[in-house]
Amino acid sequence: MPNIKSAKKRVLITKKKNARNRSDRSKVNNAIKAFNKAIDSANIDEAERLLPITMSIIDKGVTAGILHKNAAANKKSALSKRLSDIKSGKVTVTVKKDNKTIAAEKARAAKEAREAARAEFRAKQQEKEADKAEQKKKKATKEKEKVAEDKPKKEKAPKKTKKAEAEEAPKAE
């Protein structure tokens, strides 16, 4: 850390400028990435919309001192050439998939397969349970029928009321 007051001030100013330059450089790179991503995903309409925006951001980078004017011209030329080549049909776009996307698709497919297997298993289980319940009902009805057949029907004697019992008791004596 410097000891002189002006040197200390210079360090603070340099930090601020460095942060601003880093931010501006990031904006330029992100704009270029967005444009390239639109082209790589075969979204030509989006790329056409992003081209003037990207060129404007690159020009702002030149005025901020982030890029040299010739480097900026080369970048703008490369971007517009890439778009015009795709539009004219000189270059065909093959949609690129990175390893992360491929892995995510494999994981999604595996998850769907597991869910399908679980659903199939649950359906079989429910079918088995329904069959068991149906067999239990049949068995219960058969048992009721057997019990009904085995027991002879008893003739029920008419119920005696208290008056009738009182009348019969003296007759029995």
Side-chain angles (χ1 to χ4, degrees), residues 1-140:
M1 187 74 189
N3 293 328
I4 301 171
K5 187 175 181 181
S6 62
K8 290 178 185 178
K9 187 175 179 182
R10 271 288 131 214
V11 168
L12 295 176
I13 292 172
T14 304
K15 281 184 181 178
K16 285 182 185 177
K17 285 186 178 181
N18 191 2
R20 188 179 311 123
N21 288 342
R22 189 174 293 132
S23 171
D24 291 345
R25 194 177 309 119
S26 176
K27 286 178 187 173
V28 170
N29 290 335
N30 287 337
I32 293 171
K33 285 179 190 176
F35 177 80
N36 286 331
K37 186 176 180 181
I39 288 180
D40 290 341
S41 65
N43 193 351
I44 304 303
D45 295 332
E46 180 70 13
E48 286 179 342
R49 186 185 69 79
L50 287 175
L51 183 64
I53 296 169
T54 305
M55 288 191 176
S56 172
I57 291 173
I58 290 172
D59 289 336
K60 287 177 186 174
V62 171
T63 57
I66 305 296
L67 291 169
H68 190 273
K69 63 181 182 177
N70 292 346
N74 288 339
K75 285 183 188 291
K76 293 191 311 188
S77 172
L79 294 176
S80 60
K81 183 178 185 327
R82 186 167 185 216
L83 181 62
S84 65
D85 285 348
I86 289 174
K87 285 171 62 176
S88 67
K90 286 183 182 178
V91 178
T92 57
V93 176
T94 55
V95 178
K96 298 177 184 177
K97 293 183 181 178
D98 59 346
N99 290 336
K100 190 175 182 180
T101 306
I102 293 169
E105 288 176 355
K106 284 182 181 178
R108 192 177 310 114
K111 184 177 180 181
E112 289 173 0
R114 282 193 307 270
E115 288 176 358
R118 285 183 188 137
E120 186 177 328
F121 180 75
R122 277 190 229 116
K124 286 181 181 179
Q125 288 296 100
Q126 289 176 349
E127 198 174 294
K128 285 180 183 178
E129 289 174 5
D131 287 343
K132 285 181 182 180
E134 190 176 315
Q135 287 175 357
K136 274 187 173 181
K137 285 181 183 178
K138 286 181 182 179
K139 193 175 181 181

Is the shortest side-chain heavy-atom distance between Lys27 and Ile66 below 4.5 Å? no
Does anything in residues 51-72 pair up under side-chain hydrogen bond (donor to acceptor under 3.5 Å, both in side chains), and if so which pairs, sequence neighbours excluded? Asp59-Lys76
Ignoring hydrogens, what is the shortest heavy-atom contact between Ala7 and Pro2? Give both atom names and the distance. CB-CB, 3.5 Å
What pair of heavy atoms forms the shortest contact from Ala72 to Ile58, and how long is it? CB-CG2, 3.5 Å
Measure the spacing between CE of Met55 and CG of Leu51 and express it to the nearest 0.5 Å. 4.0 Å
Does Asp131 CG have over 12 foreign heavy atoms under 6.0 Å away? yes
Pairing of Asp40 and Arg82 as salt bridge, 4.0 angstrom limit: yes
Applying salt bridge (Lys or Arg N to Asp or Glu O under 4.0 Å), can you list everything that pairs with Arg22, at least two apart in sequence or on another chain? none
Sorted by first residue and then second, give each salt bridge (charged side-chain N to carboxylate O under 4.0 Å, His left out) pair with at least one member in residues 3-18; sequence neighbours left out. none
Just verifying a value: how many Å separate Glu48 CD and Ile39 CD1, rounded to the nearest 0.5 Å? 9.5 Å
Show every donor-acceptor pair shorter than 3.5 Å between a side-chain atom in residues 110-122 and any protein atom, with sequence neighbours excluded, or say none if there are none.
none

Look at atom CG of Leu12 and say whether more than 12 heavy atoms of other residues, nucleotides or ligands are closer to it than 6.0 Å. yes
Among Asp24, Val28, Leu50, whose side chain to side chain contact (heavy atoms under 4.5 Å, CB included) with Ile57 holds? Val28
Lys/Arg N to Asp/Glu carboxylate O, Arg49 vs Glu46, below 4.0 Å: yes
Out of curiosity, Asn18 CG to Ser23 OG, how far, rounded to the nearest 0.5 Å? 11.0 Å
Can you sort out the partners of Lys138 under salt bridge (Lys or Arg N to Asp or Glu O under 4.0 Å), two or more places apart, ordered by chain and number? Glu134
What pairs with Thr101 under side-chain hydrogen bond (donor to acceptor under 3.5 Å, both in side chains), at least two apart in sequence or on another chain? Asp98
To the closest 0.5 Å, what do you measure between NZ (Lys33) and OG (Ser26)? 7.5 Å
May I ask you to say whether Asp85 pairs ionically with Lys81, meaning some side-chain N is under 4.0 Å from a carboxylate O? yes
